[in-house]
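Remarks on the structure that follows.
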Amino acid sequence: MRFFILTCACFIVPDVHSVKVFSYKELRKATHDFGGANKIGEGGFGSVFRGVLKDGTVVAVKVLSATSRQGIREFLTELTAISDIKHENLVTLIGCCAEGSHRILIYNYLENSSLAQTLLGTRYSNIRFNWRARVKIAVGVARGLAFLHEEIRPPIIHRDIKASNILLDKDLTPKISDFGFARLLPPNATHVSVRVAGTLGYLAPEYAIRGQVTKKSDIYSYGVLLLEIVSGIHNTNTRLPAEDQFLLERTWRLYEKGNLNEIIDVDLGDDLDVEEACCFLKIGLLCTQDGMARRPNMTNVVRMLTGEKIVAVDKIARPAMITDFAEFKASNKEQRSRAETLSHTTKSFTTTEPFSSSETPTQSSSV
């Protein structure tokens with residue numbers, strides 16, 4: 001990959017031809033000097049503002065922290081990951097700015113915010129998520145992930161699939177966003193070993209405990225998200241009684257009792273297909289199996305969601321629970337011993353770079 005240095009920039013930026021370079025002055029004007037009235041979101045590495053470019057285009061302007069080293073990595077990772085990728089269920093990167101200490105990414109603006117703020121948010125939303133809308137969202141996110149994992153070269157592991165990173169356009173078409181943690185699975189590797197980042201509740205066990213990330217880690221996160229879409233309940237709520245705090249655990253208990261329908265969102269209206277909703281919940285449980293090999297790949301997830309493939313209920317066992325992670329983490333000595341054993345017995349690839357651009361063949365699971 002070729003690189004160039006933007007004027008006054010303090011780091012190297014990938015030469016991506018599809019991304020327009022904006023001046024900081026242009027973006028200040030577009031966002032009314034990054035005014036509070038235009039602020040539409042905030043994350044771990046900065047804030048997002050609504051802006052209007054001089055040609056009238058409405059955009060989302062993501063301003064990364066000027067003091068965060070991780071912010072530099074996120075900036076470069078997002079530029080490299082999605083600058084040349086187009087898909088109906090992925091956000092579109094329009095441009096960037098890298099003047100002095102400023103690191104800014106410009107995306108297409110999505111009118112209906114994120115699933116976390118609308119479907120799962122505590123604040124009132126005028127969006128009514130009927131069953132057909134939820135099916136569209138669930139299938140759309142699955143198709144976006146299948147594209148990242150299995151249809152592009154090199155395949156991308158998102159690493160941070162969660163409700164706040166699923167944005168919705170005016171038609172409630174879902175768009176996967178925030179590629180700041182993205183990684184590639186190098187050739188002939190079983191996984192990528194990284195420092196754990198993400199949101200507890202969406203993290204696969206092999207990732208949360210050992211820092212090992214694969215496509216199946218994204219699939220686990222998607223499974224949790226699917227349960228949220230069907231139930232309308234956030235995956236973790238510490239204000240509830242201990243036995244009800246974690247959505248995955250509640251869903252599993254109801255599955256064992258044959259009462260999955262009890263977790264379906266009570267606000268769903270007349271278009272609810274209870275059988276289909278229960279099928280989606282079973283797919284969520286399949287995606288969150290403890291063993292990676294038991295989780296389906298995203299192409300098969302899409303086929304199950306659309307009815308093209310039967311859900312293999314015989315493969316559903318107890319999923320990996322958040323409480324399992326906590327119990328494992330409680331024993332630091334055991335964790336270190338296990339990590340040392342794994343380092344001698346498991347083939348791995350360790351990287352300290354935010355993103356690799358080398359071409360690699362996809363090694364899709366047949367599960």
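What's counted below: heavy atoms across the whole structure, side chains too, no hydrogens, waters or symmetry copies. We number each residue from 1, following the sequence as shown. No experiment lies behind these values; they were computed from the predicted model shown.
- Residue Gly95 comes nearest to Phe22 through the heavy atom pair CA-CE1, 3.8 Å, listed as atom of the first residue, atom of the second, then distance.
- Residues passing the side chain to side chain donor-acceptor pair (under 3.5 Å) test with Asp244, sequence neighbours excluded: Arg253.
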side-chain contact (heavy atoms from CB on, under 4.5 Å) between Arg318 and Trp252, worked out: CA-CA 7 Å; Arg318 182 181 182 274; Trp252 172 247; 3.7 Å; yes

Would you please test Gln117 and Ser164 for side-chain hydrogen bond (donor to acceptor under 3.5 Å, both in side chains) and show each step? CA-CA 7 Å; Gln117 291 176 302; Ser164 59; over 6 Å; no

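- Under the rule for a side chain to side chain donor-acceptor pair (under 3.5 Å), Thr236 has no partner lying at least two apart in sequence or in another chain.
- Checked against side chain to side chain donor-acceptor pair (under 3.5 Å), Asp265 has the following partners two or more places apart in sequence or in another chain: Arg134.
- Not a single side chain to side chain donor-acceptor pair (under 3.5 Å) links Arg143 to another residue, sequence neighbours left out.
- Residue Ile166 holds its CD1 atom at 12.0 Å from NZ of Lys175, rounded to the nearest 0.5 Å.
- Across Tyr220 and Ala320, no two heavy atoms sit closer than the pair OH-O, 2.6 Å.
- Shown here are the side-chain contact (heavy atoms from CB on, under 4.5 Å) partners of Ile104, two or more places apart in sequence or in another chain: Tyr24, Leu27, Phe34, Val61, Val63, Cys97, His102, Ile106.
- The two residues Ile264 and Ala277 have their closest heavy-atom pair at CD1-CB, 3.7 Å.
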Can Ile176 and Asn165 be said to form a side-chain contact (heavy atoms from CB on, under 4.5 Å), step by step? CA-CA 6 Å; Ile176 299 172; Asn165 284 340; 5.8 Å; no

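- Of all the heavy atoms in Ile161 and Tyr202, the pair that sits closest is O-CD2, 3.5 Å.
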Show, in sequence, the C-alpha distance, side-chain angles and deciding distance for Thr288 and Tyr222, and conclude whether the side-chain contact (heavy atoms from CB on, under 4.5 Å) test is met. CA-CA 8 Å; Thr288 53; Tyr222 175 80; over 6 Å; no

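- For residues 259-302, the pairs satisfying ring pair (Phe, Tyr, Trp, His ring centres under 6.0 Å) are Trp131-Phe280, with sequence neighbours left out.
- Closest approach of Asn261 and Val274 over heavy atoms only: CB-CG1, 4.1 Å.
- The side-chain contact (heavy atoms from CB on, under 4.5 Å) check on Val58 picks up Arg50, Val52, Tyr109, with sequence neighbours excluded.
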I would like to know whether Leu120 and Ile233 meet side-chain contact (heavy atoms from CB on, under 4.5 Å); could you show each step before the answer? CA-CA 6 Å; Leu120 306 177; Ile233 300 171; 5.7 Å; no

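- A donor-acceptor pair under 3.5 Å links the side-chain atoms of Asp55 to the main chain of Thr57, judged by distance alone.
- Residues meeting the ring-ring contact (aromatic ring centres under 6.0 Å, His included) test with Phe129, sequence neighbours left out: none.
- Residue pairs meeting the salt bridge (Lys or Arg N to Asp or Glu O under 4.0 Å) criterion with at least one member in residues 266-288, sequence neighbours excluded, are Arg132-Glu276.
- In this structure, the separation between CG on Leu119 and CD1 on Ile137 is 7.0 Å, given to the nearest 0.5 Å.
- Under 3.5 Å, the side chains of Thr214 and Glu206 contain no donor-acceptor pair of N or O atoms.
- Remark: Lys39 engages Glu42, Ser47, Phe49 in a side-chain contact (heavy atoms from CB on, under 4.5 Å) (not counting sequence neighbours).
- Ring centroids of Phe179 and His158 are separated by less than 6.0 Å, placing the two rings close together.
- Side-chain atoms of His149 and Asn297 include no donor-acceptor pair closer than 3.5 Å.
- Just one residue in the list Lys62, Lys162, Arg159 forms a salt bridge (Lys or Arg N to Asp or Glu O under 4.0 Å) with Asp178, and that residue is Lys62.
- Among pairs with a residue in residues 290-311, none fulfils ring pair (Phe, Tyr, Trp, His ring centres under 6.0 Å), at least two apart in sequence or across chains.
- Taken from CG in Leu115 to CG in Leu167, the straight-line distance is 8.5 Å, to the nearest 0.5 Å.
- To the nearest 0.5 angstrom, Ser23 atom OG is 10.5 Å from Arg28 atom CZ.
- In this structure, CZ on Arg295 lies 12.5 Å from CG on Leu285, to the nearest 0.5 angstrom.
- A donor-acceptor contact closer than 3.5 angstrom is absent between the side chains of Asn237 and Gln245.
- Residues Ser231 and Ile263 approach most closely at CB-O, 3.2 Å, considering heavy atoms.
- The side-chain heavy atoms of Ile283 and Leu226, taken from C-beta on, include a pair separated by under 4.5 Å.
- Lys315 NZ to Gln289 CD: the interatomic distance, rounded to the nearest 0.5 Å, is 10.5 Å.
- The side-chain contact (heavy atoms from CB on, under 4.5 Å) check on Asp171 picks up Lys136, Asp169, Thr173, with sequence neighbours excluded.
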